[in-house]
Amino acid sequence: MSVNGIGSNYCYMGTDVNHMQEKASDTNAGRKVTQQPVNLSISDEGRNMLREMVNKFEPDSDYVNARELTIQNTNEVAWEHYTAMRGISSQTLKDGNYNVEDVMKSIMDTYEARYNEIVKEHENGDREVSYELTGKRSLTLEEDLAGLDEAFKMRLANLEGYITCQQTNKAFENPDSSWFFNRNGSQNEGKTQDRIPLFDTEYRDSAVSIMEQTREKFLAAFKSFGYKKGAAIGILADVLNKNISFAAKTNHLL
């Protein structure tokens, strides 16, 4: 099995900002991000700040050519599972008509699907793989699942990036969006108080925490006698129902 490219990515600037960017990890793979345009006039300083905010939450591997990586700084097992998970998500989250909770459900659903696939592939022993950098080798079930856990963390980084973009879209959806870069000025004092919470990291931290809780509950359910495929989304729904404030903030981003 060979790891080629980074698959398709979904939504990094939500439904208000539309651009297309292509990044290829090798000659056989790439991704395209498409969103909707909005007419805003933002200074160079502002654009640089937004770019830094978004890049902060992107996995470094999204921006590095696979051929430039070395065995020491990449985990091809995790990368295989990451691209598989993101590839599945790209098929369900492709029309722009989704929100943070939809993205969370997609990540959990693909994590569960990949987890089941890995366990099944190891029913008869170790899994034989062939990677571009490390070559042919045998993977134990423990190594495979550890790689999946790393891939899950990378998907959570994608989730944080998505939330950051949604928050940015919300802050700049009005004509007076320049308030953010002049928020210390007296003329923006009243408006600043209402909008600064949009960039509060607490919401992003809550999303990650909810996902981690869901993963732990799923693993416990998987080992139980009554486990049924598709349990992850139901578990996530239960965790979300207990976080009323998170749901309210999610609705605020719509």
Side-chain angles (χ1 to χ4, degrees), residues 1-11 25-26 28-31 59 61-62 66 69 71 74-94 98 101-162 207-208 210-240:
M1 187 175 295
S2 176
V3 177
N4 292 316
I6 60 176
S8 300
N9 193 13
Y10 56 85
C11 118
S25 58
D26 58 26
N28 297 321
R31 72 177 184 182
S61 49
D62 269 6
L69 298 175
I71 294 176
T74 188
N75 182 339
E76 289 181 292
V77 182
W79 193 248
E80 175 190 349
H81 298 317
Y82 171 71
T83 55
M85 291 172 65
R86 197 168 66 177
I88 298 172
S89 288
S90 69
Q91 298 303 308
T92 56
L93 301 174
K94 59 183 179 180
Y98 51 85
E101 290 187 8
D102 293 327
V103 175
M104 294 168 72
K105 289 176 181 177
S106 179
I107 292 175
M108 281 310 311
D109 187 43
T110 56
Y111 176 82
E112 178 180 9
R114 197 61 181 167
Y115 195 98
N116 276 283
E117 289 173 2
I118 292 172
V119 171
K120 184 175 180 59
E121 288 177 345
H122 282 273
E123 287 179 349
N124 297 318
D126 294 348
R127 181 166 72 96
E128 299 297 321
V129 298
S130 179
Y131 294 124
E132 290 186 15
L133 298 180
T134 53
K136 294 182 179 180
R137 56 177 295 198
S138 294
L139 286 179
T140 65
L141 175 61
E142 291 71 21
E143 290 175 318
D144 238 350
L145 292 179
L148 179 62
D149 287 342
E150 289 302 312
F152 183 73
K153 293 177 182 177
M154 295 167 70
R155 295 298 285 130
L156 294 189
N158 289 159
L159 173 63
E160 290 187 89
Y162 173 80
V208 171
I210 288 172
M211 294 294 285
E212 291 173 340
Q213 291 176 47
T214 301
R215 174 185 166 279
E216 292 302 316
K217 290 179 181 292
F218 160 74
L219 293 176
F222 184 85
K223 298 174 183 177
S224 69
F225 179 75
Y227 168 74
K228 294 182 179 180
K229 289 185 178 180
I233 290 182
I235 294 172
L236 175 60
D238 289 339
V239 177
L240 287 171

- Query: Which atom names give the shortest non-hydrogen contact between Y98 and D102, and what distance separates them?
  - Reply: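 Taking every non-hydrogen atom into account, CA-OD2, 3.2 Å.
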
- With M104 as reference, evaluate I233, I210, T214 under the side chain to side chain contact (heavy atoms under 4.5 Å, CB included) test and give the passing residue.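 The passing option is I210.
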
- Task: Scan for salt bridge (Lys or Arg N to Asp or Glu O under 4.0 Å) pairs involving residues 134-152, sequence neighbours excluded, and state none if there are none.
- Result: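 Found R127-D144, R137-E143, D149-R215, E150-K153.
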
For the atom pair [atom1] ([X]) and [atom2] ([Y]), what is the distance rounded to the nearest 0.5 Å?
X: I88; Y: T83; atom1: CD1; atom2: OG1; result: 10.0 Å
X: H122; Y: T140; atom1: NE2; atom2: OG1; result: 7.0 Å
X: L133; Y: N75; atom1: CG; atom2: CG; result: 11.0 Å

Side chains of residues 222-230: which donor-acceptor partners sit under 3.5 Å, not counting sequence neighbours?
residue, atom, partner, partner atom, Å
S224, OG, A221, O, 2.5
Y227, OH, E112, OE2, 2.5
Y227, OH, N116, ND2, 2.9

- Message: Please enumerate all residues that pass salt bridge (charged side-chain N to carboxylate O under 4.0 Å, His left out) together with E117, with sequence neighbours excluded.
- Response: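 R114.
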
- When you measure from the side chain of T110 to the backbone N and O of S106, does any donor-acceptor pair fall under 3.5 Å?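 Present.
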
- Message: Less than 4.5 Å apart, side chain to side chain, heavy atoms only: is that true for I118 and H81?
- Response: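 With C-beta onward as the side chain, the pair touches.
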
- Message: Any non-hydrogen side-chain atom of L156 less than 4.5 Å from a side-chain atom of F152?
- Response: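 Yes. Closest side-chain heavy atoms under 4.5 Å.
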
- From CA spacing to verdict: side-chain contact (heavy atoms from CB on, under 4.5 Å), L236, F218: CA-CA 9 Å; L236 175 60; F218 160 74; over 6 Å; no

- Message: Could you work out, with side chain to side chain donor-acceptor pair (under 3.5 Å) as the rule, every residue matching Q213, not counting sequence neighbours?
- Response: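 Here the qualifying residues are S209.
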
